[in-house]
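Working notes for the structure below.
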Amino acid sequence: MADNVANEQLEKRAETAEPDPIADSSMSRALLITSILLILTLVWSLYDEIFGQRPWKAYQSEFVASYLEHLETLKKAAAKPEERNEKAIRETAEYKKLDAAYREATEKVAPRVKEIGARVSEIDREIGDITDPFQEARAWIASKIYQLETTASESGKESVRSSIEDKRNESITVAFTQKDGSIKKEGVPYKQLEKRYNDLRDEKARLNVELAGLTKESGEMLRKREDYLQNQMSGLTEQAVDNIIKGTNAFEYRIRQINVAGGQVVDRCESCHLGVREPLTLTADKMGDEKAFVSHPSRDLLTIHDPEKFGCSTCHGGNGRGTTSVEKGHGRYKHWLWPLYYKENVQAGCNQCHNADRVTRMADTLNRGKDLYYQKGCVGCHRYEGFDREADALASARQTIKQLELDRATRLREMRETREAAEKVTSNEEARSLLNRADVVLPQLVSQIDGRIGELDLQTKYLMKDQKKIGPNLKEIKAKLRKEWLPVWLRDPQAFRPGTKMPSFRLDDNEIRAISAFLWQSAIDYVRIADQQQGNVERGRDLFKQTGCVACHSIDGNAINQGSQPVGGHFAANLSRVGEKANFNYIVRWIHNPRQRLAPYSPSLRRDLTPDDYKSKNLAFLFDDDHSKSPLDGRELQVQNMTVMPNFRLSEQDARDIASFLMSLKKGEPRYPDASYLDDASLKQEGERLVKAYGCASCHEIRGLEDEGRIGTELTVEGSKPIERLDFALLTEDAMRGKDPITGGERSAWYNHKGFFEYKLRNPGIYDRGKVKSPEERLKMPNIYLEEDEITALTTFLLGSVTTSIPESLRYKPAGAAKQAQDGWWVVRKYNCMGCHNVLIGEDPTLAGVAMYQDADGKEQLPPRLTTEGARVNPDWLLKFLRDPSLAGPQAAEKLAQQIARHDAGAAQPSAVAGLTSQPGANRNGVRQYLRARMPTFDFSPNELQMLVNFFMGASVQPQPYIPERLEPLTGDEQTLARALFTSAAAPCLKCHMTGDPAHDARATAPNFLLAPERLKPAWTRRWLIDPAFISPGTAMPSGLFNRDEMHGRWVFSGPTPPSFQTYDKDHVELLVRYMFQLTADEQRRLGTGGAAPSAPAPGSTTTTSSLDRAIRRPTSRVNGP
Amino acid sequence: MLKKYGSMIVAAALVAFMIASCKPKKKDDGPVDTGKSPYQSKNDEGTISGVIKFDGTPPDRKRIDMGADANCASAGGEKLTEEVLVTDGKLANVFVYLTGGPVDQFSFQPPSDPVVLDQKGCRYDPHVLGVMIKQTLRILNSDQTAHNVHPTPKNNPEWNESQPPGTAPKEKTFNRAETLIPVKCNQHPWMKANVGVLAHPCFSVSAQDGTYTIKNVPPGNYTLVTWHETMGEQKTQITVGASEKKTQDFTYKSSVAYAPTSLRVEAALILP
Ligand SMILES: [Cu+2]
């Protein structure tokens, strides 16, 4: 005890003296805090491990809950327990009951139906026998009755009356076909024949009515049965739902990961987006309003881009590996270069691989962006790989020619030197070897070079033809425009013509004066346009409406009685105010043939040629496709206007009428301020500087600036430019903070490519804001006045313009047919084929949107659909047609050329006055002459012709070359059979198809059969006859002309066939196709026009109706006398 | 000559006088439209009737040249255009129907009797007709020539089928309401008909004397619509009380006569 006390005292002392740091202070609090912290950290790290870093787990449980709930609802909907496949339904009592009722109803009337069928075909046979002789006699009588009416004298009338009476009592020979097929001739008095004819027709009508009554019940029963079947089959079965529920209950909570391209892409997107590939279509409202769980919106897209092969982030962007947060996964943070595309720009992803496609199926926004890039003239200033293939190829061809010419000179020198060397060498052997080189090898090498130069020179000719400018040729403005209008236009193009391609260049008055003066003074003034007579405005209006102008051009609807909104396409200019700006004579010539220039341009001499240049070589000032070489140096000239506007092969009068109509379009008589300064030479230099600075020559041909380069940035990979290199300038802060620089309001941060592009497109000068700059330093991009949806389309295109990170193995590299289609689209879009034609499935042509093409008659006037053109036509024919859609043939062209030559020889001084040149195939469609819209001549180069033919063949996956299938010649019997079917009242082919008779063709709605052998492919023709609506929905050609005879594996005509067909056991479609492909002009003439005899009065008609009938007969038909 | 036969032509005009019945037909396979409850009649339906007048000078009916098809030319019947058919200031072929009110709130069974569209003398008979959704439209060909029947609807499937002479009638239905569907024959461009498809039976077509009657109208507030092929639609509000007999006339004016689009295939009239 004492020890203890002593110890305590000691301790106390020690305590008071020097506290022991270990023993004296309690660490428990610190320990407690740290351990709590430790535990918290543990809990936090565990939580983070299990949930924080794995937000997808919460998504997964939410998905399972929502999905199960949705499935339960479905299960309730799937009411009945039995399996819902067709076979099972057919086994159900209800179906059997309905089926029995149908059979009973059919059998009950079957004997009578059969009887009627037999009787009707007998009647048809007899009517067939009687019709011709009877109608002939009746027509004769009708003509006599007319004579009776018109004869004045009573005695004359009497004699006519008696001749009618005689005819009525006369016996007429009729060849009756017997049941066994033999023919029995019989004389029947007219009166009796008439009665017989009418009786037969009455009986037939009665029988048809009876037949309809008889089959009514069975038809209804059949419909009930089929309705039941359809109703039972729709929807999921309960069992199917159960299976999905079972699967969902066994859901495994884990990362869903796709590894593609050998591990280059790892996508875990489906860890949260669990519904993407579910077999059921899931929408947000079905899945508890969670957008992450919806199905992929396009199953078609997933079929061609199977996620197992392509992953997700390849197309959509985003960080496929990121699983820790939505932002990380979507790649929307600073350090990720490929953020997820926003929904409206999602098709940007397509462009990573499809950048060489002009048109990508299922990517309409992207396609629109590409259309706009061309149509709004972006391509004028901003190079973009592929958009300017002609200019690129032309530059390269010219470069190669220069190189080859150098090579040639080198070879010639070598030849000379080698020959000289051969003279000097000592040994004969060596001399022979050198001479061999100089005289045998080198000349052939030179010849090869010559061949290549020649070919390349031809290529330059084609390429110059193919190369187009977005805007009009400003070399011709003196002939085309009102002088005073030019500065008005430059000040505000949008005000004069809303929606125009011409952008606004924030110009001040001095700039406008200088630019106008420069342009005016550099225009061609040494060629005058021939004066034209005024045309008929009303006729011009109709022609404008009908010829197809509105496929590309828009116009004020009031001008063509089509409502008050602008009508037509946006591919070319709105023509509503042409009358305020243009010169009539120029417009006539332009409409007549827009490709005709005032003067040719020589790229080698870098100037426009003049009549004097031609005169110096004793040549007429004649330049066109056939006269495209320079008289001065023999090099190819630019002989066409660089416009895509085609030649409509209008007659001169039509061109004058349309031009007169266009010139009548004005908002009022314009009053422009004086513009005499346009001739002020002192303004020219400043004007030229400005024109160069603003890059006007990118879109327009301007004298002296033909070789100006582009002034804008190349945009081929603009989307992958590092963000630091996009100059947000003083708006950087706004972009990062999320302030809208236009409205000044709050918005989400927009410091990204999308934001940059969108504001730049909305207001191209916006990034100059707040900066003090001299005019020369300011941003030059003009205002384009885009709509928001156009901005989205262009932004999408630009966002997708990237150096792609997609693994090589996944990229789209089409070959064969797909490649041909890909290349061809560039030509199709370039010339706006889809203004008139349905080329891409699902894309209606512009014309289809115009009101006048929307009623039933208008639809028939739409140019043909071309979605299966390659399967339809022979490629050789197609090439010929595209070259000359009038199919007027070389003779017509030749004849015309001679006329022109004679005319030119006769004309005293035609050279400096530009008039109209007649053209072959004027006012004529080669195939569908009944269409009021005209297929114009595009004057394609051979390159483009081939690309187009390849396009159509490629798009329909048709092999080339095409060797026509040999069709078995018709036997004599078959010829007779086919002719009978072809002209039978039941198959009136010639009623709608053109026959060459102008009166008939004016109202025909289908092409002439004589074109078929050269134009069509027999396989397509067969499919067309069987079901035309599959090939061309909405066509005038009816479906259901043939029924399938399964028993004999053939198609048979579905109407009543001529009696001779009873013994024919082959395919009727095949027979008709062979007949069509062997049809000659003679045979067609023999068939007659309307497919039947000329019209005759109705049976038993009084004189009243017979003269009425005569009154409405077309003048070409005549009454046949006996 | 034209004048001489004018009266005959008018007299010969065939215009179906159609009176539709509103009462739901008793049928046991349930309503067509599951979204609405079937209409239950309280036997208190009213009637709307009236006359469609035409104010002014009607456009001349033109003669149609049927010479291209001998079978048409020789068939009987008038051969005049029938877009605007006026007799003594009364307009025929106006489709009259109700929208809104009880006819849109309830579902109605289509009658089991078909509506018949005949092709006779290369004309459609009648020129304007109405059917109910899923009611059978039976199309006959009483001519000796082939026709093709080609409706060009906007909300229903389009089809175009040949109907040679002597073949069975076609039985078709339309499954969506549409006013009205143009029907044409491509072989005889003048042949045109218009079919109104409605979800209820309250419609009618004005007869030659311009009269129309819609019977068995469930009491309620409606919009009464008249539709004419070339002169378009007119609308008026109308209230039908229990068992009430309402009269409502309409007038079309010649000044609004229709300017054809230039792509219309004009029925032609070629006279020497
Ligand atoms: Cu017809």
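Below, read A as the first sequence line, B as the second, and so on, with proteins coming before strands; counting in each chain starts at 1. Every heavy atom of this structure was used, including side-chain atoms; hydrogens, water molecules and symmetry mates were not.
Contact check on A:Glu122 versus A:Arg125 returns no salt bridge, with no Lys/Arg side-chain nitrogen under 4.0 Å from an Asp/Glu carboxylate oxygen. Using a 4.0 Å cut-off between charged side-chain N and carboxylate O, B:Arg123 and B:Glu82 make a salt bridge.
Between B:Tyr252 and B:His228, the angle of the ring planes lies from 30° to 60°, which puts this pair in the tilted group.
Contact record, B:Cys72 with B:Lys79: O-CE, 3.3 Å, taken as the closest heavy-atom pair. Counting all heavy atoms, side chain and backbone alike, B:His127 lies closest to B:Asn93 at CB-ND2, 3.5 Å.
Residue B:Ser142 does not touch chain A at all, counting heavy-atom pairs closer than 4.5 Å. For B:Gln187, the parts lying near chain A are the backbone and the side chain together; criterion is any non-hydrogen pair under 4.5 Å. Residue B:Gln144 touches chain A through both its backbone and its side chain, counting heavy-atom pairs closer than 4.5 Å. Neither the backbone nor the side chain of B:His147 comes within contact range of chain A; no heavy atom of the residue lies under 4.5 Å from a heavy atom of that chain. Heavy atoms of B:Pro151 lying under 4.5 Å from chain A are absent altogether.
A donor-acceptor contact shorter than 3.5 Å is absent between the side chain of B:Tyr124 and the backbone of B:Lys192.
Contacts of residues 168-176 of chain B with chain A at a heavy-atom distance below 4.5 Å involve B:Pro169, listed in sequence order.
B:Thr226 and B:Gln234 share no side-chain donor-acceptor pair at under 3.5 Å. In this model, a donor atom of one side chain and an acceptor atom of the other lie less than 3.5 Å apart for A:Asp1027 and A:Ser1039.
Rounded to the nearest 0.5 Å, atoms CG (A:Leu1041) and CD (B:Gln163) are 12.0 Å apart.
Chain B forms the most heavy-atom pairs under 4.5 Å with one residue out of A:Cys992, A:Ala1036, A:Pro1028, and that residue is A:Ala1036.
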